[in-house]
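Below: one structure, written as structure tokens.
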Amino acid sequence: MTVSTDQHKEGKRDVTFRVFRFNPQVDSKSYFDDYTIPVERGITVLRALNYIKEHVDASVSFRAFCQAGICGSCGMRVNGISMLACTTQVWDMLAKSKEEGVIKVEPLRNLPLIKDLIVDMDPLVDKMKHYSNWVDSTMPESEMGKKEFLVSEEEFLKYDKATDCILCASCVSECSILRANKEYVSPAVLLKSYRMNVDTRDSMHDLRLAELVKDHGVWDCTHCYRCQESCVKSIPIMDAIHGIREDALESRGMKDTSGAKHAEAFMSDIEKKGKLVEATLPFRTNGVLWTMQNLLPMAVKMILKRRTPPPPPMVKPSKGIKAFRSEFREMSEHVKQDHKSHKK
Amino acid sequence: MKPFDIVIVGGGGAGLYAAMEAMKTNPALNIAVLSKVYPNRSHTSAAQGGANAALANKAKDDTVEMHIFDTIKGSDYLADQDAVEVLCSEAPKIIRELENIGTPWSRLDDNTIAQRPFGGAGRPRCCYCADKTGHTILQTLYEQCLKKGVIFFNEYFALNLSVNGSRSKGLIAMNMKTGAVEAFPARTVIFATGGYAKMYWNRSSNAAGNTGDGQAIAYRAGIPLKDMEFVQFHPTGLRKSGLLVTEGARGEGGYLLNKDGERFMSRYAPEKMELGPRDLVSRSLETEILQGRGFDSPAGKYIHLDLTHLGADLIKSRLPQIREMAMNFEGVDPILEPIPVRPTAHYSMGGIDTDNYGRTVMEGVYAAGESACVSVHGANRLGGNSLLDILVFGRIAGHTAALEARKFEPAAISEDEVKDQLAELRSSMQPSGHYERYGELREELGQTMAANVGIYRESSLLKKGIAEVAELKERFKKVRVSDSSDVFNTNLLQVLELKNMLDLAETVAAGAFAREESRGSHTRTDFPTRDDEKWHKHTMATLIDGHVKLGEKPVTMGRYELQERTY
Ligand SMILES: Cc1cc2nc3c(=O)[nH]c(=O)nc-3n(C[C@H](O)[C@H](O)[C@H](O)COP(=O)(O)OP(=O)(O)OC[C@H]3O[C@@H](n4cnc5c(N)ncnc54)[C@H](O)[C@@H]3O)c2cc1C
Ligand code: SF4
Ligand code: SF4
Ligand code: FES
């Protein structure tokens, strides 16, 4: 369909929503339905879907509740990226469409599909249970309600951002490890676990941490940053993941798990020689720059904590290692600064 | 299914507190929580401002007594004073308890729970976590329920009570994932299904599912609903969507300005200004708009909520959610520009009639939270008192049900009854000939309620509203559910919600028409004053032969005599 310039001027145009459809009762496989409707500027994707449901096809199924970006019900993929339909402007998405005037709407990934845009959230809840995503208070139940714990603003700020999470599962949908391994802990659950572990009112830090360092746990994360980039509440999820790792190294020691050892080898290698065992690490596929941005923060923090042994005097550096090293140092400084300003 | 000791309908703050407390009271009980959305999605998550408790962290001279008085006065003397006493004296304990189990409250310099001023309160006693208080309380309760191993039936839609004479046998509900209608035989049922203000549809701050399902189910089962005419309008809804800008924005120092740039609240509440009680501020906005001092736009007339003078730092640290919403839904950054607002239907004071223990008139049926009316809010709820209400009375209802459950015989629900329910659903899905669109009816319901049973009410408008609701009910019989699938049939569910709203709209309009006085949120332009002689009493709406019958119930008085309510 062509869009007249008149419509453009009025801030109103026809938009095609290409909606993922699947009804397990009748469909053997999924397909897409196109719905072309008039949309004004300022309309959210959720309002457009509501319009389709009320006026065109009542069978299109999706979840929505608060319609205000608070409840986390309406997570879905719009033009391939996971987000909340209720806070996403159609106009913004049109600008990013591959096909002019067409917006693709699909269910979240990495969770079992139920129908159309609805996925099953139970696996995520099960993981929250598995990793004890609750405060197990140090106060006995019989004492409760009598007095407050005194909590400093500083401590509150450690978990303040993490408690913004609305469990919309956008990060879950974007996680690169979950695509391969559905048992992986999940970014939102790591975030929640971190939030519990830095809360001084909680009594089960060690047990939770012990679970987090096992298989499918925190060491499986590739630091691809996709979860953080897609978080609908702009929560620095990677800080939580780094936080858990540092905590694991600090309180459980380097030799704790194969994951930790792997991380250690990686960190020392990268600083010493500027090259890596290519087969085992994401370096090759993602390139130097990517690794710098994504893995160095962890490395730097470890170095700052003097976990990494100083390089032996007689290593033969690879070509360009000087340049790489100086970049590495510069980067370390940045991360250090970043880290400081975050804590403010 | 094996009979439950307690089935809790609703996973908001009230339902989850009830579950937690019931487990604590008697861990041997078989307890289930059933909710049409995952509990953490419940509307409690939308409460931004905070919860009141006289902790005296901020104002050292605050007392429970002052909280009681503010609440009774705020209610325009329609609250039951014994219930208010329970509410306010339990408040400090419950807020501390939440703190003890992990709620991340914001903190004062001395590391105690932070408190801020809120409308209608004599002292800053509203406890908060930034502007995500409800969200963090709900998260905490959900986490604790998971910890305790509460059994959840998520995405189950309650349809009806199964009743035998004066006694409930349990609940009938639909599994949304399969479309199956299932029986939940239970010794006790607690309704904690939230409010009904969504019947004002686009002129409401509520979530799409705040359709008063529990109240409608109770009403159909013969349980009376109390004070349904009292619907609170929040002064500051976003102009386009009705979504809420919390009172926190005014608590932090925001101004309300008309188109002449005047802080018009000086005319209506010279002392409290923007922090006057909600009903008064809403009426003031509506008056400014009606008298032509509002701004005009295609999306309707509005007023400015100005935060620009508060500065970027304060807005970013204390009111981040508000800023995000203003940007997403109005395209306005409150750091730079005022936010366009107008009154929006926000809270339902009325609900299922209960005593101070959460009991209804039907044996084994309890209610708590916004779906119940104890009554602690009377004709007008104070900001920050509702979160408190759901926590305190959620806990009390859970505790009472846990103590009383084993008194009742285990119940059974026959298969025939379940089959009948299913058959009824199926038949409603296939009307022949001319049919109606549910979306249109829902829209029209919202419009007629806002226009005729809104902030300013009057006999002829109310008559019109009553007639229009009746007509909508008639048209509803021809609504067609065109999605024929069993799995997650949201089309069917929305139609069922509409039916509930229509049933309740009738009670709201009937109560508003009968109550020939102005009190709290209920303003009759034809009866502009409070009439204590005739109307210092609760209205009770009961369904008899398919129609609403109004009765009455006295208000429980206590220490405080009737006084004029001025601010
Ligand atoms: C925008 C906004 C801001 C607010 N801010 C504040 C504030 O700052 N301070 C304050 O004190 N109060 C505030 N309130 C009011 C307060 O949030 C609510 O009154 C309170 O959260 C209601 O809690 P509840 O547990 O009773 O119900 P809800 O949280 O609404 O929970 C209802 C539950 O019932 C379930 N349910 C409903 N129908 C069915 C059915 N048919 N079958 C199965 N389950 C069902 C739902 O799934 C949900 O789990 C605010 C309200 C709004 C709208
Ligand atoms: S950074 Fe880790 S948790 Fe986040 S998306 Fe990548 S692999 Fe998943
Ligand atoms: S971390 Fe962010 S994206 Fe992930 S579930 Fe929470 S809010 Fe959603
Ligand atoms: S509907 Fe609640 S977050 Fe979108």
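What you see is a predicted model; the values in this text were computed from it and never measured.
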Taking every non-hydrogen pair under 4.5 Å, which of [options] racks up the most with chain B?
options: A:D120, A:N23, A:I118, A:D199; value: A:I118
options: A:V26, A:D116, A:T44, A:V125; value: A:V125
options: A:F62, A:F156, A:W134; value: A:W134
options: A:K192, A:K53, A:K233, A:E153; value: A:K53
options: A:M128, A:K129, A:E141; value: A:E141
options: A:V151, A:D136, A:I166, A:T163; value: A:V151

Region of [X] that comes under 4.5 Å of a non-hydrogen atom in chain B:
X: A:K146; result: backbone
X: A:N50; result: neither
X: A:M139; result: side chain
X: A:D122; result: both
X: A:Y159; result: side chain
X: A:D202; result: neither

Can you tell which part of [X] gets under 4.5 Å to a heavy atom of chain A, answering side chain, backbone, both or neither?
X: B:S106; answer: both
X: B:T490; answer: both
X: B:L243; answer: side chain
X: B:D486; answer: both
X: B:L55; answer: side chain
X: B:E330; answer: neither
X: B:T103; answer: backbone
X: B:V37; answer: side chain
X: B:E440; answer: neither
X: B:Y38; answer: side chain

Max heavy-atom pair count under 4.5 Å with chain A, selected residue of [options]:
options: B:A207, B:A130, B:P92; result: B:A207
options: B:T140, B:N40, B:V487, B:L108; result: B:V487
options: B:Q144, B:M325, B:Q48; result: B:Q144
options: B:K36, B:K240, B:M327, B:E97; result: B:E97
options: B:S45, B:P104, B:G209; result: B:P104

In Å, rounded to the nearest 0.5 Å, how long is the span from [atom1] of [X] to [atom2] of [Y]?
X: B:L98; Y: A:E148; atom1: CG; atom2: CD; answer: 11.5 Å
X: B:N489; Y: A:S59; atom1: CG; atom2: OG; answer: 9.0 Å
X: A:M144; Y: B:R96; atom1: CE; atom2: CZ; answer: 14.0 Å

Any non-hydrogen side-chain atom of [X] less than 4.5 Å from a side-chain atom of [Y]?
X: A:M121; Y: B:N154; answer: no
X: A:Q67; Y: B:S241; answer: no
X: A:R63; Y: B:R41; answer: no
X: B:F329; Y: A:T87; answer: yes
X: A:F149; Y: B:I113; answer: no
X: B:E143; Y: A:M196; answer: yes

- Which heavy atom of B:G102 sits nearest a heavy atom of A:R201, and at what distance?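 That closest heavy-atom pairing would be O-NH2, 3.1 Å.
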- Item | For the student: nearest non-hydrogen atoms of B:N491 and A:A58, plus distance |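 Minimum heavy-atom contact is OD1-CB, 3.3 Å.
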- A:D164 and its side chain to side chain contact (heavy atoms under 4.5 Å, CB included) partner, picked from B:H135, B:K132, B:Q139: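 Option passing the side chain to side chain contact (heavy atoms under 4.5 Å, CB included) with A:D164: B:K132.
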Test your reading of the model: is there a side-chain donor-acceptor pair from [X] to the backbone of [Y], 3.5 Å cut-off?
X: B:E99; Y: A:L150; value: no
X: B:D483; Y: A:V60; value: no
X: A:S137; Y: B:N100; value: yes
X: A:Q89; Y: B:N328; value: yes

- Message: Does B:D110 have more than 12 heavy atoms from other residues, nucleotides or ligands lying within 6.0 Å of its CG?
- Response: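 Enclosed: over 12 neighbouring heavy atoms sit under 6.0 Å from CG of B:D110.
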- Could you tell me whether B:K24 atom NZ has more than 12 heavy atoms of other residues or ligands within 6.0 Å of it?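 Yes, enclosed.
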- Task: Pull out the residues in residues 145-152 of chain B that come under 4.5 Å of chain A, heavy atom to heavy atom, sorted by number.
- Result: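 So far as heavy atoms go, B:L146, B:K147, B:K148 are the residues that approach chain A to under 4.5 Å.
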- Pair B:R107 + A:E155, salt bridge at N-O below 4.0 Å: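 Salt bridge between B:R107 and A:E155, a charged N being under 4.0 Å from a carboxylate O: no.
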